[in-house]
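Remarks on the structure that follows.
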Amino acid sequence: MPEISRRALGALVGGGAVGAVAGTATGAEAVPAERPFRARPGAGSGGRPNVLVILGDDLGWADLSSYGAPHIRTPHLDRLARQGVRFTDAYSGSSTCSPTRFSLYTGRYPGRTKGGLAEPIADRSQGLDPHHPTLASLLKKAGYATALIGKWHCGWLPDYSPTKSGWDEFFGNHGGVLEYFSKLGQLGDHDLYEGDAEYKDLRYYTTVLTERAVEYVGRDHDRPWLLNLNFTTPHWPWLAEGDEETGAEIAAKIRAATSQAEVSKALNHYDGGSVAKYTQMVESLDAAVGEVLAALRRSGQEENTVVLFASDNGGERWSYLWPLSGQKFSLQEGGIRVPAILRWPARIDGHQVSHEPNFSPDWTATLLELAGARPDPAYPLDGTSLAGYLLRGERLPERDLFWRVRGNRALRRGDWKYYRDDKGTDHLYNLAADSREQADLAPDEPELLNGLRTSWEKTAAGLLPYPG
């Protein structure tokens with residue numbers, strides 16, 4: 001991306017965030033402001049790194065104070081950003097939960113696999129094929145210990161589970177949503193498991209997951225490890241620590257439900273929530289991440305652990321998304337642009353910001369390369385590794401970021417974005433000048449629009465068709 005475009009983009013969507021990252025959000029003493037990313041070639045390493053991938057759930061692009069939220073305080077994630085690289089143009093692999101997880105776990109477009117066509121998975125009929133290589137199975141093959149704690153959302157037992165797809169350990173929920181105290185999930189039944197066995201714990205789910213993650217990173221590991229830590233926070237229902245009474249009301253509705261629709265209505269919690277409650281949930285997520293990172297520091301593994309924090313898709317309802325348009329389920333920027341922070345003290349300097357566009361499959365390719373693992377040639381990745389850019393200062397190749405969901409299509413190339421809305425109308429935006437997607441340049445740039453549309457259609461032709 002040309003330097004002038006980076007400056008323009010930073011001024012439009014990152015200005016408030018830079019001040020937060022520079023220390024004003026936490027009240028701490030002044031620290032160096034963000035600077036444009038620059039690799040540190042030749043930096044040493046203590047061997048293959050541990051890999052900690054932390055996902056928020058439905059966390060919007062600007063929901064962190066380091067990304068501009070004026071009313072949400074996230075000191076721990078802001079500190080993580082100061083210690084590493086904050087990405088302004090990071091995207092999820094899709095605009096809903098399970099397709100993005102498919103893209104992150106496999107490094108491929110969700111439409112490469114049958115289970116990835118569900119947007120999102122809502123019953124037991126589909127899931128991630130256990131024979132398909134994953135980030136976990138490939139790192140396990142390379143000698144890593146692997147664990148997934150939290151939300152899986154790539155299929156239910158008996159056919160699908162993290163332990164069937166490369167993770168040595170699993171503690172969490174199989175579905176896309178649950179009531180935070182009872183652990184009743186979207187199928188109306190109990191959805192908290194340790195391995196393949198049900199596990200009972202009626203405490204607030206974020207607290208339970210945090211304890212498990214703290215225990216895992218604090219172990220005396222005899223080999224490098226991968227931990228996927230997938231919080232359900234701040235996904236609805238809108239419950240925070242101390243909201244047991246409201247949680248019990250939702251759980252009672254689930255138990256009394258006579259249809260899947262009634263279960264979904266109870267969990268959607270359309271009659272609950274507020275900006276204040278959502279703020280409380282995001283801040284609890286931040287505190288949980290802070291506890292896990294503190295445990296990592298106490299363990300002595302912080303220096304050589306790659307930490308990636310991101311969201312599984314854009315925010316919704318109570319999320320703060322300014323200046324982006326759209327939200328979850330849409331391929332407008334608000335539905336797919338997400339916060340993303342990377343830290344690896346042994347190899348990458350802190351106080352940095354990058355405007356390079358990237359999306360979930362890129363992180364799969366990147367983490368595999370950083371860990372010294374190889375993709376399976378029978379399942380070629382759709383992501384591009386950022387390792388050369390991050391470690392050696394190499395320029396990323398010009399490439400397209402591609403998205404396909406029912407009713408929407410999108411493709412980003414450099415500063416340009418092609419977008420088709422649910423009415424079938426094609427749009428063209430220059431995101432460097434117009435991150436809000438309001439100035440439609442399709443009538444002014446017909447050749448460019450046609451070229452991007454042709455590229456989208458070429459990629460889409462290689463994916464599985466939607467059923468029906």
Side-chain angles (χ1 to χ4, degrees), residues 53-59 92-130 132 134-136 146-167 169-180 183-196 198-199 205-206 208-209 212-213 227-237 260 263-264 267-268 285 310-316 328-329 335-336 338 360-361 363-364 405:
V53 182
I54 307 174
L55 284 185
D57 198 356
D58 289 3
L59 182 74
S92 55
S94 189
S95 60
T96 54
C97 305
S98 59
T100 290
R101 292 163 200 272
F102 270 74
S103 71
L104 179 62
Y105 298 156
T106 68
R108 311 177 80 209
Y109 300 131
R112 297 283 185 203
T113 59
K114 183 179 178 181
L117 299 176
E119 296 171 350
I121 289 177
D123 57 46
R124 297 184 188 276
S125 67
Q126 293 180 318
L128 177 55
D129 182 351
H132 196 295
T134 63
L135 174 65
T146 58
L148 191 150
I149 296 174
K151 177 174 171 176
W152 161 242
H153 205 184
C154 284
W156 278 269
L157 291 170
D159 297 322
Y160 310 104
S161 170
T163 58
K164 299 178 185 294
S165 289
W167 282 271
E169 301 178 35
F170 170 56
F171 179 86
N173 59 302
H174 290 99
V177 58
L178 48 61
E179 191 278 303
Y180 281 78
K183 312 304 184 296
L184 293 177
Q186 70 186 94
L187 299 185
D189 54 6
H190 185 81
D191 191 14
L192 176 59
Y193 285 78
E194 184 172 41
D196 292 345
E198 285 192 28
Y199 189 91
Y205 193 35
T206 305
V208 176
L209 296 180
R212 283 290 176 138
L227 172 59
N228 287 91
L229 175 55
N230 299 344
F231 288 101
T232 55
T233 319
H235 194 294
W236 39 265
Q260 183 61 56
V263 172
S264 298
L267 286 168
N268 269 273
L285 169 65
S311 178
D312 62 344
N313 47 249
E316 63 162 325
K328 179 183 177 180
F329 296 109
I336 52 176
V338 296
S360 301
W363 291 117
T364 316
V405 302

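Hydrogens, waters and symmetry mates are skipped; everything else that's a heavy atom, side chains included, is used. The model shown is predicted, which means the values in this text are computed figures rather than measured ones.
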Could you go step by step and tell me if L178 and L184 meet the side chain to side chain contact (heavy atoms under 4.5 Å, CB included) rule?
CA-CA 5 Å; L178 48 61; L184 293 177; over 6 Å; no
Going through the distances and angles, do L104 and T364 end up as a side chain to side chain contact (heavy atoms under 4.5 Å, CB included)?
CA-CA 6 Å; L104 179 62; T364 316; 4.0 Å; yes
Does the side chain to side chain contact (heavy atoms under 4.5 Å, CB included) test come out yes or no for Y205 and L192, once each step is laid out?
CA-CA 9 Å; Y205 193 35; L192 176 59; 3.7 Å; yes
Quick one: do L227 and I149 satisfy side chain to side chain contact (heavy atoms under 4.5 Å, CB included)? Show the steps, please.
CA-CA 7 Å; L227 172 59; I149 296 174; 3.7 Å; yes
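Side-chain contact between R101 and S360 is absent, with no heavy atoms from C-beta onward closer than 4.5 Å. Side-chain contact between V405 and F329 is absent, with no heavy atoms from C-beta onward closer than 4.5 Å. The closest side-chain heavy-atom distance from E169 to L148 is not below 4.5 Å. Side-chain atoms of Q186 and W156, non-hydrogen and from C-beta on, do get closer than 4.5 Å to each other. No side-chain heavy atom of H174 sits under 4.5 Å from any side-chain heavy atom of K151. Residues F170 and D196 fail the side-chain proximity criterion, which asks for heavy atoms closer than 4.5 Å.
Between the side chain of H190 and the backbone N or O of Y199, at least one donor-acceptor pair lies under 3.5 Å. Side chain of W152 to backbone of G155: a donor-acceptor contact under 3.5 angstrom is found.
Remark: R212 fails to qualify as a cation-pi partner of Y193 under the 6.0 Å distance and 45° angle criteria applied to the six-membered ring.
The nearest pair of heavy atoms linking H153 to P120 is CE1-CB, 3.6 Å. Scanning both residues, K328 and C97, for their nearest heavy atoms gives NZ-SG, 4.0 Å. Scanning both residues, S94 and P110, for their nearest heavy atoms gives CB-CG, 4.4 Å. Of all the heavy atoms in F102 and I121, the pair that sits closest is CE1-CD1, 3.7 Å.
A salt bridge is absent between D191 and R124: the closest approach of a Lys/Arg side-chain nitrogen to an acidic carboxylate oxygen does not fall below 4.0 angstrom.
If you check the side chains of T233 and T206, you find a donor sitting under 3.5 Å from an acceptor. A donor and an acceptor atom, one from each side chain of Y160 and D129, are nowhere located under 3.5 Å apart.
Screening residues 102-116 for side-chain hydrogen bond (donor to acceptor under 3.5 Å, both in side chains) gives Y105-N230, R108-H132, R112-D382 as the qualifying pairs, with residues at least two apart or on separate chains.
Remark: of the listed residues I54, D312, L59, I54 is the sole one forming a side-chain contact (heavy atoms from CB on, under 4.5 Å) with F231. The one candidate from T96, D57, D58, T100 that meets the side chain to side chain donor-acceptor pair (under 3.5 Å) condition with N313 is D58.
Partners of S98 under the side-chain hydrogen bond (donor to acceptor under 3.5 Å, both in side chains) rule, at least two apart in sequence or in another chain, do not exist in this structure. Here S264 pairs with Q260, N268 under the side-chain contact (heavy atoms from CB on, under 4.5 Å) rule; sequence neighbours left out.
How far CG of L55 is from OG1 of T232: 12.0 Å, rounded to the nearest 0.5 Å.
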